[in-house]
Engineer: 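Just dropping this structure here.
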Amino acid sequence: MKLFKKILIANRGEIAVRVIRACRELGIKTVAVHSDIEKDALHVKLADESVCIGPANPAQSYLNIPAILTAAEITDSEAIHPGYGFLSENAQFAESCATSGITFIGPTTENIRTGGDKSKARQVMKRRGVPVVPGSEGPVDTEETLLKIAKKIGFPVLLKASSGGGGRGMRVVYDEQALQQAYNMAQREALAAFGNSEVYLEKYLSPIRHIEVQIIADAKGNVVHLGERDCSVQRRHQKLIEESPAPGITEKFRKKIGDLAVKAAKALKYRNVGTIEFIVDQDQNIYFMEVNTRVQVEHPVTEEITGIDIIKEQIKIAAGQLLLIKQSDIKFSGHAIECRINAEDPDKFIPWPGQIKFLNLPGGPGIRVDTAAFAGWTVPAHYDSMIAKVIARGKTREEAIMRMKRALGDFLIEGIKTTVPFHKKVLNHPDFIKGGFNTDFLEKMTAQESGAGTAVENGSDAEA
Ligand code: ADP
Ligand code: ADP
Ligand code: MG
C-alpha cells in the first residue's frame, strides 16, 4: 500500500510536532500551517514547508477552513492531519477536504457527526446493547420531560450539552427546585459556547473513575483495542494526569471493557483511531460516556505500553491500509503515566503565557517528552495553555511513578509559571500512589491541603 507523499498538519504546538515525527519515520513530507505570531514556532521549523494562514485569533487561522484548504492545494498536499482540538471534530471540515480531493486523516464524516452529538451517540449505544449512564433517551426538549426523567433517575443529575467537549457544557443539579433554572441556563450556555442549545440528562454518578479505551478500526470493519487508560485525575472535568493500564483492575475487567469498546466501535461503524470513554462506578459497572473521534492528548501512554505508534496507524488507515494487527498480537508491557504540563499558575490554574528564558527538558531512561517548547520561545496567550507532556514508563507502576518524580525534578523552566509543582504534589500523594482513586481525587486533595480534612459535596462544581 502506497502512503501519502505529503501531509499538511492543520494544528500547532506539541501535536503538530508529534505528527511531523510520525510522517518523517514513514518517509512522508510535511507542511506546517501557522498564524502570523507563530512563524518561529517549533512545528514550523521542523516541517519541510510552511504556510501562514492568518492572524493570531484561531477563528482566522487554525480554524479557517478556506485558508487551510488553499494551503493544502498550493503545496500539493494529499492529506490533512487535524491533530486534536481545532478542526479535528468538525464534520464540515472533513467533508470540505473530500470535496477538494484531499484525504482527511480521521474517521468518516458520519462518525464525526455521531461522535459530536453526544446525545445521539448515547442512543446508538443503547440500541446496540452498550450500557449507558441512566438518563434521557435523546435531547430533553420540554420541562415536563426534564422533570419526569430527573425524578425517575433520581438526583443529583447532570445536564450536558449535546455538542459539549473539553470538560465544558456540564451542570450538576442537586434538587428539583434548582432544575428548571439550571435547564434554562444550560441551554443558553450551550448555545453561546457550541452554537447548539440542545442538552440531555444523565444521572450524576459519584464516586466514579474515568476509564477509556483506545480503538483502531479499518475500512473492512476490523476493530482492535489497545487497552484502557485511567484519566481520573481531573480538574473541572478536564484531564491532568493519565495512565495505562488502569491500576487495580483484573484481567477479566480489562477484557470486559475492551470488548465493550470494540462493540461500541462496531455499533458506530467506526473507522480509523478513536477513543471510547466510560464511567466506572464503585461496583465496577461500566457505562458508555462518549466517543472521541480523533487522537487523544493522552495517546502516548498507550503507545508506551503497546509499542504501537497510533499516529502512524491513523495515517496508514486513512491511506486505505487494512489492519495488519490482530487483537491477540497486541501485548501490554509495563506501566506508563503522563503529566500534562500547562503554562499556568499551579495553585490557581490561571494561564501564564510569556517568554521562556531557560528550559531543561527531562530525559534519561523511560522518559518521553512531547513538546514544542524551547528556550526563547514565547508561549502565546491565544491558544491552549498546555506546553508539554511528560510521559514516564516503568516495568511497574511504582517504577513509572519514581521516574516521573525524577523527571519533574529535572523539568527546569524560567520565565513562566507551569503546573510542574502541582504534578509533584500529586505524585507524592498517598492516594495517588495507592492507585484506583476516583474523579474527586483532586477535590479531596485540595480540601486536605486547606485543612478541611474531607471533601465537601456542594453545588460549586456546576459550571459551563
Ligand atoms: P467532554 O466531552 O467534555 O469530555 P464527557 O462527557 O467526556 O465530556 O465528561 C467529562 C468528565 O465529566 C468525565 O471524565 C467525568 O469526570 C465527568 N462526567 C461526565 N458524565 C458524568 C456523569 N454522568 N456522572 C459523573 N461524572 C460525569
Ligand atoms: P482528550 O481526551 O484528548 O484529552 P480533551 O477533552 O482534553 O481531550 O480535549 C483535547 C483538546 O480538544 C483540548 O485542547 C480541548 O480544549 C479541545 N476540545 C475538545 N472538545 C472541544 C469542543 N467541543 N470545543 C472546543 N474545544 C474542544
Ligand atoms: Mg470526554
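Every number for a ligand or one of its atoms is a count from 1 in the order of the listing. We count residues from 1, following the sequence as given. Below, each value reflects all heavy atoms present in this structure, side chains not excepted, and no hydrogens, waters or symmetry copies.
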Engineer: Run the contact test for Gln238 against ligand 1 with a 4.0 Å cut-off on heavy atoms, strictly below, and give the result.
Structural biologist: no

Engineer: Are any of the N/O atoms in Lys160 less than 3.5 Å from those in ligand 1?
Structural biologist: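 It does: an N or O of Lys160 is found under 3.5 Å from an N or O of ligand 1.
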
Engineer: Nearest to atom 23 (N) of ligand 1 by heavy atom, Glu89, Glu202, Arg122: which?
Structural biologist: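 Closest candidate by heavy-atom distance is Glu202.
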
Engineer: What atoms of ligand 1 come closer than 4.0 angstrom to any heavy atom of Gly167?
Structural biologist: 1 (P), 3 (O)

Engineer: Would one find an N or O of Gly166, backbone or side chain, under 3.5 Å from an N or O of ligand 1?
Structural biologist: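 Yes; at least one N/O pair falls below 3.5 Å.
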
Engineer: For atom 22 (C) of ligand 1, tell me which residue out of Val133, Ile153, Ile279 has the closest non-hydrogen atom.
Structural biologist: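 Nearest option to atom 22 (C) of ligand 1, by heavy atoms: Ile279.
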
Engineer: Strictly by modelled atom types, are Glu243 and His335 linked by a side-chain donor-acceptor pair under 3.5 Å?
Structural biologist: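 Their side chains do contain a donor-acceptor pair, which is all the 3.5 Å distance test asks for.
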
Engineer: Charged N to carboxylate O below 4.0 Å: is that the case for Lys389 and Glu298?
Structural biologist: no

Engineer: Counting only heavy atoms, tell me which of Val157, Leu158, Asn438, Asp281 gets closest to atom 27 (C) of ligand 1.
Structural biologist: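 It is Leu158 that holds the nearest heavy atom.
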
Engineer: Just which atoms of ligand 1 are under 4.0 Å from any heavy atom in Lys118?
Structural biologist: 1 (P), 2 (O), 5 (P), 6 (O), 8 (O)

Engineer: Provide the number and element of each atom of ligand 1 under 4.0 Å from a heavy atom of His210.
Structural biologist: 13 (C), 14 (O)

Engineer: Cut-off 3.5 Å, side chains only: do Ser385 and Glu344 have a donor facing an acceptor?
Structural biologist: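 On atom types as modelled, these side chains qualify, holding a pair under 3.5 Å.
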
Engineer: As an exercise, identify every atom of ligand 1 less than 4.0 angstrom from a heavy atom of Tyr204.
Structural biologist: 24 (N), 25 (C), 26 (N)

Engineer: Atom NZ of residue position Lys148 - does it have more than 12 heavy atoms of other residues, nucleotides or ligands inside 6.0 Å?
Structural biologist: no

Engineer: Is there a polar contact, in the sense of an N or O pair closer than 3.5 Å, between Gln234 and ligand 1?
Structural biologist: yes

Engineer: Only heavy atoms of Thr439, strictly under 4.0 Å: list the atoms of ligand 1 that pass.
Structural biologist: 16 (O)

Engineer: How long is the gap from OG1 on Thr250 to NZ on Lys255, to the nearest 0.5 Å?
Structural biologist: 12.0 Å

Engineer: Please confirm whether Arg397 makes a cation-pi placement over Phe432, using NZ or CZ under 6.0 Å from the six-membered ring centre and within 45° of the ring normal.
Structural biologist: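 That pair qualifies as a cation-pi contact.
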
Engineer: Side chain or backbone, does Ile208 bring an N or O within less than 3.5 Å of an N or O on ligand 1?
Structural biologist: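 Looking only at distances, the answer is no, because the N/O contact criterion of under 3.5 Å is not met.
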
Engineer: Does the side chain of Thr419 pick up a donor-acceptor pair with the side chain of Arg340 at under 3.5 Å?
Structural biologist: no

Engineer: How wide is the angle at the Mg ion (ligand 3) spanned by Glu290 OE2 and Glu277 OE1, rounded to 10 degrees?
Structural biologist: 90°

Engineer: Just by distance, no angles: are the side chains of Tyr200 and Gln123 close enough, under 3.5 Å, to form a donor-acceptor pair?
Structural biologist: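 Side chains of Tyr200 and Gln123: no pair found under 3.5 Å.
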
Engineer: Salt bridge check: are Lys239 and Glu338 linked by an N-O gap of less than 4.0 Å?
Structural biologist: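 No.
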
